[in-house]
Participant: 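Let me begin by handing over the structure; questions about it come next.
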Amino acid sequence: MTNAATDFDVLIVGAGISGIGMAAHMQEKAPHHSFAILERRENLGGTWDLFKYPGIRSDSDMHTLGFVFEPWKHEKSIADAPAILEYLHTIVDERDIRKHIRFGQKVISADWRGGDARWHVTIENDEGERKLLTANWLYLGSGYYDYDEPYDPGFDFGEFEGQVLHPQFWPDDLDYTGKKIVVVGSGATAVTIVPSMADKAAHVTMLQRTPTWMFSRPAKDGLANFLRKVLPEKLAYKITRFKNIRMQDFAFKMARNNPERVKKSLKKAIVKSLGQDYDEAAFTPPYDPWDQRLCLVPDADLFEAMNAGKASVVTGHIAAFEKGGVRLKSGEFLEADIVVTATGLKLAVAGKIALSKEGQAVDLTQHYYYKGCMFSNLPNLSVVFGYLNASWTLRADVNSDYICRVLEHKRKTETDVAEPVLSPEAQAALQEDDIFDFSSGYIQRSKAIMPKSAVSYPWRLNQEYVTDRKIMKESPVEDGLMTFTRMGANATQSGEQLQAAE
């Protein structure tokens, strides 16, 4: 390991939406601080560069998945990955951020040392060479997926002789023309893949164990495109963004408060697309809307593929993978040349980085979220974990803005350490809240690795963007919980607090 240390004020992990957003916010709101972005891959874009499966697109509108500071200029509001990557590359190049990105750098571990108020970060390049970087602040923008391995449901493919693919590792040269395809799963990935492969394939079957609530909307936002013609671009974007944020919030709360009304509305829309004779059971989940994230069907493409006889939806449990296809427990046999296991992703916390404080391992499951962007009793560390009921970037924007405020406060007060302090007594009085009450498999499987969240603010990962934006933007950073100290000050006391909290 190279002993030479390179210092930055802020190290940003990940050159996807979260990391690029933080860099852009820093340039505008914390320009006195140096930063670098560490990206383990050779390209920026994160999820939008990694996943290559047919039709990959956003399942949120780009007026909210886009950044608050950069208008979305494309005609389609529901955008595909190439358009999203173009948007990110434009931001990086126009703001001269690219020179700050270090590609092929995987963060292995990070140890906080109060004596020099630095995170000592071990990184590894593609050749396996390790190096040490130090930074006063560590910003984790690496998303919440495990990029090394997807969720494995443990299928035994037995006598099946065809190709088996997972969307996370899609081959570049796959030719599925005239093939019979079975896509296992009913989430957003499956709903995207099925109509996208239907044009070339002989037939695509979406095999679901449990139905998902689906809704259709145009890929183009008519109001947004009209406003762009008659108003300055930034104003048009601001109005559309406000409209969509309010619509997201209204729809989510309506589903929570009046689920039966929302069910009727969703079913009515499906009838409009598939006709009165559609298989209602295949589109009627055993849970209420927004107990899991709704699946978007832009321009009704899935329903059109079904109407054309190019795609179908089958509900059942797999008995075995046999030669030529999939046998269900009902006895039904689905012919397949290719099986796509769109069975969900695996979540990871803090990019699977081994975090420690003064050499002692940090267990994030024993720490509480602070304002959805930091953790109790962990100094100079922030993270982005997007909304489950709204666009990811909404959280990334408010977190970046808030952390810039903290960085500027540290600079103006000539302090080095910002730490949300939660005493053992205060922690004992907190009531834990299960914010991950969504029934989605990937959420339920990952609850054991998640940090804690309380019922009361600020010790929670809140799920209301409008509330978060107001609090994060207007509340003072010195709130009686966030402490600001100089290098080495109260190091022993801080260590004792962390030990007690863990």
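Everything quoted here is computed from the prediction, not taken from an experiment.
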Participant: Taking Q208 for the side chain and G185 for the main chain, is one N or O donor matched with an acceptor at less than 3.5 Å?
Facilitator: no
Participant: Begin from the C-alpha positions of S60 and R293 and carry the test side-chain hydrogen bond (donor to acceptor under 3.5 Å, both in side chains) through to its verdict.
Facilitator: CA-CA 11 Å; S60 299; R293 193 176 176 105; 2.9 Å; yes
Participant: Indicate whether the side chain of N43 and that of R41 have a donor and an acceptor atom separated by less than 3.5 Å.
Facilitator: no
Participant: Where do S391 and D61 come nearest, in terms of heavy atoms and distance?
Facilitator: OG-O, 4.2 Å
Participant: Side-chain contact test, heavy atoms from C-beta onward, threshold under 4.5 Å: evaluate it for L235 versus L227 and give yes or no.
Facilitator: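 SC-SC contact between L235 and L227 ruled out.
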Participant: Looking at side-chain heavy atoms only, is the closest gap between T341 and L165 below 4.5 Å?
Facilitator: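 Side-chain contact under 4.5 Å: no.
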Participant: What's the spacing between E94 CD and E70 CD if we round to 0.5 Å?
Facilitator: 5.5 Å
Participant: Is it true that atom NZ of K263 has more than 12 heavy atoms of other residues, nucleotides or ligands lying nearer than 6.0 Å?
Facilitator: yes
Participant: Taking atom CG of L355 and atom CZ of F375, what is their separation to the nearest 0.5 Å?
Facilitator: 8.0 Å
Participant: Side chain of N258, backbone of M254: donor and acceptor closer than 3.5 Å?
Facilitator: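 Side chain of N258 to backbone of M254: no pair is present.
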Participant: Within a radius of less than 6.0 Å around CG of D277, do more than 12 heavy atoms belonging to other residues, nucleotides or ligands occur?
Facilitator: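 Counting neighbours around CG of D277, 12 or fewer heavy atoms of other residues, nucleotides or ligands fall under 6.0 Å, so no.
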Participant: If we check side-chain hydrogen bond (donor to acceptor under 3.5 Å, both in side chains) with H25, which of these qualifies: N399, D401, D397?
Facilitator: D397
Participant: Determine whether the side chains of R209 and S186 contain a donor N or O and an acceptor N or O closer than 3.5 Å.
Facilitator: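 No donor-acceptor contact under 3.5 Å links the two side chains.
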Participant: NZ of K180: more than 12 outside heavy atoms within 6.0 angstrom?
Facilitator: no
Participant: Tell me, yes or no, whether the heavy-atom count around F169 atom CZ, taken from other residues, nucleotides or ligands under 6.0 Å, exceeds 12.
Facilitator: yes
Participant: Within the 4.5 Å heavy-atom criterion, are Q168 and F51 side-chain neighbours or not?
Facilitator: yes
Participant: Whether D291 and R256 form a salt bridge (side-chain N of Lys/Arg under 4.0 Å from carboxylate O of Asp/Glu) is what I want to check.
Facilitator: yes
Participant: Could you tell me whether the side chain of R241 and the main chain of G66 form a donor-acceptor pair under 3.5 Å?
Facilitator: yes
Participant: May I ask you to establish whether R460 and Y369 are in a cation-pi arrangement, using a distance under 6.0 Å from NZ or CZ to the six-membered ring centre and at most 45° from the ring axis?
Facilitator: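 Geometry flag: not set, cation outside 6.0 Å or 45°.
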Participant: Quick one, V398 with K473, criterion side chain to side chain contact (heavy atoms under 4.5 Å, CB included). Give me CA distance, side-chain angles, the key distance, then yes/no.
Facilitator: CA-CA 8 Å; V398 295; K473 195 173 187 66; over 6 Å; no
Participant: Does the side chain of E75 reach to within under 4.5 Å of the side chain of D221, using non-hydrogen atoms?
Facilitator: no
Participant: With heavy-atom distances below 4.5 Å as the criterion, would you say the side chains of P218 and D299 are in contact?
Facilitator: yes
Participant: Examine the side chains of T212 and Q292 and answer whether a donor and an acceptor come within less than 3.5 Å of each other.
Facilitator: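 Note: T212 and Q292 side chains miss the donor-acceptor criterion.
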Participant: With under 30° as parallel and over 60° as perpendicular, where do the rings of F303 and F283 fit, or are they tilted in between?
Facilitator: perpendicular
Participant: Can you establish whether the number of heavy atoms outside K310 located under 6.0 Å from its atom NZ is more than 12?
Facilitator: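 Yes, because the 6.0 Å sphere around NZ of K310 holds more than 12 heavy atoms from other groups.
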Participant: Compare all side-chain heavy atoms of W170 with those of P54 and state whether any distance is below 4.5 angstrom.
Facilitator: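 Side chain of W170 against side chain of P54, heavy atoms only: contact under 4.5 Å found.
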Participant: Go through the side-chain N and O atoms of N377 and Y368 and say whether any donor and acceptor fall under 3.5 Å apart.
Facilitator: no
Participant: Would the number of heavy atoms belonging to other residues, nucleotides or ligands and lying under 6.0 Å from NZ of K352 be above 12?
Facilitator: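 Count over threshold, so yes.
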Participant: Would you call K200-D175 a salt bridge at under 4.0 Å N-O?
Facilitator: no
Participant: Name all residues meeting the ring-ring contact (aromatic ring centres under 6.0 Å, His included) criterion together with W48; count only those two or more places apart in sequence or in a different chain, and write none if there are none.
Facilitator: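 Partners of W48 by the ring-ring contact (aromatic ring centres under 6.0 Å, His included) criterion come out as none, since no residue qualifies.
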Participant: If I take atom CG from residue L207 and atom OG1 from residue T343, how far apart are they, to the nearest 0.5 angstrom?
Facilitator: 11.0 Å
Participant: With sequence neighbours excluded, tell me which residues meet ring-ring contact (aromatic ring centres under 6.0 Å, His included) with W459.
Facilitator: Y370
Participant: Rounded at 0.5 Å granularity, tell me how far CG in L85 sits from OG1 in T47.
Facilitator: 10.5 Å
Participant: If I compare all heavy atoms of A255 with all of W290, which pair ends up nearest, and what's the gap?
Facilitator: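 It is CB-CD1, 3.7 Å.
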Participant: Is it true that, when you exclude K452 itself, more than 12 heavy atoms of the residues, nucleotides or ligands shown sit nearer than 6.0 Å to its NZ?
Facilitator: yes
Participant: Under 3.5 Å, is there a donor-acceptor pair linking the side chains of Y139 and S400?
Facilitator: yes
Participant: Show your working on side chain to side chain contact (heavy atoms under 4.5 Å, CB included) between I245 and Y465 and close with a plain yes or no.
Facilitator: CA-CA 8 Å; I245 287 170; Y465 166 72; 3.5 Å; yes
Participant: Rounded to the nearest 0.5 Å, what separates atom OG1 in T467 from atom CE in M472?
Facilitator: 12.0 Å
Participant: Contact between H89 and I20 at the side-chain level, heavy atoms closer than 4.5 Å - yes or no?
Facilitator: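 The answer is no, as the side chains (C-beta and beyond) never meet within the 4.5 Å cut-off.
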Participant: Pair K470, E464 - check salt bridge (Lys or Arg N to Asp or Glu O under 4.0 Å), show working.
Facilitator: CA-CA 10 Å; K470 180 177 178 62; E464 291 188 85; over 6 Å; no
Participant: Kindly say whether A454 contributes a backbone atom to a donor-acceptor pair with the side chain of Q431 at under 3.5 angstrom?
Facilitator: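 The answer is no, because no donor-acceptor pair under 3.5 Å joins these two groups.
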Participant: For the residue pair V182 and E335, what are the closest heavy atoms and their distance?
Facilitator: CG2-O, 3.8 Å
Participant: Please tell me if the side chains of V262 and W213 come closer than 4.5 Å, counting only heavy atoms from C-beta onward.
Facilitator: no
Participant: Regarding Y402 and S382, do their side chains bring together a donor and an acceptor under 3.5 Å, going by distance alone?
Facilitator: no
Participant: Of all the heavy-atom pairs spanning F160 and D337, show the shortest one and how long it is.
Facilitator: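 Closest heavy-atom pair between F160 and D337: CZ-O, 3.8 Å.
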Participant: Is a side-chain N or O of S376 found less than 3.5 angstrom from the main chain of H367, in a donor-acceptor match?
Facilitator: no
Participant: Restricting to non-hydrogen atoms, name the atom on A79 and the atom on M62 that form the minimum distance, rounded to 0.1 Å.
Facilitator: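 Of all heavy-atom pairs spanning A79 and M62, the closest is CB-CG, 3.6 Å.
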Participant: Which pair of non-hydrogen atoms, one from S77 and one from W72, has the smallest distance, and what is that distance?
Facilitator: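 That would be CA-NE1, 4.2 Å.
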Participant: Is there a donor-acceptor pair under 3.5 Å between the side chain of D301 and the backbone N or O of P195?
Facilitator: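 Checked: no pair found.
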Participant: Under a 3.5 Å distance rule, please check whether D156 uses its side chain to pair with a backbone N or O of F321 as donor and acceptor.
Facilitator: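 No: the side chain of D156 does not pair with the backbone of F321.
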Participant: Mind checking the CD1-CD1 spacing from I181 to I338? Nearest 0.5 Å is all I need.
Facilitator: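 It is 4.5 Å, given to the nearest 0.5 Å.
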Participant: Between R395 (side chain) and F385 (backbone), is there a donor-acceptor pair under 3.5 Å?
Facilitator: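 Such a contact is found between R395 side chain and F385 backbone.
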Participant: Using 30° and 60° as the class limits, which term best fits the ring planes of H63 and Y237: parallel, tilted or perpendicular?
Facilitator: tilted
Participant: Please say whether more than 12 non-hydrogen atoms of neighbouring residues, nucleotides or ligands are located less than 6.0 Å from NZ in K179.
Facilitator: no
Participant: Can a donor-acceptor pair be found, under 3.5 Å and without considering hydrogens, that links the side chain of R246 to the backbone of F250?
Facilitator: no
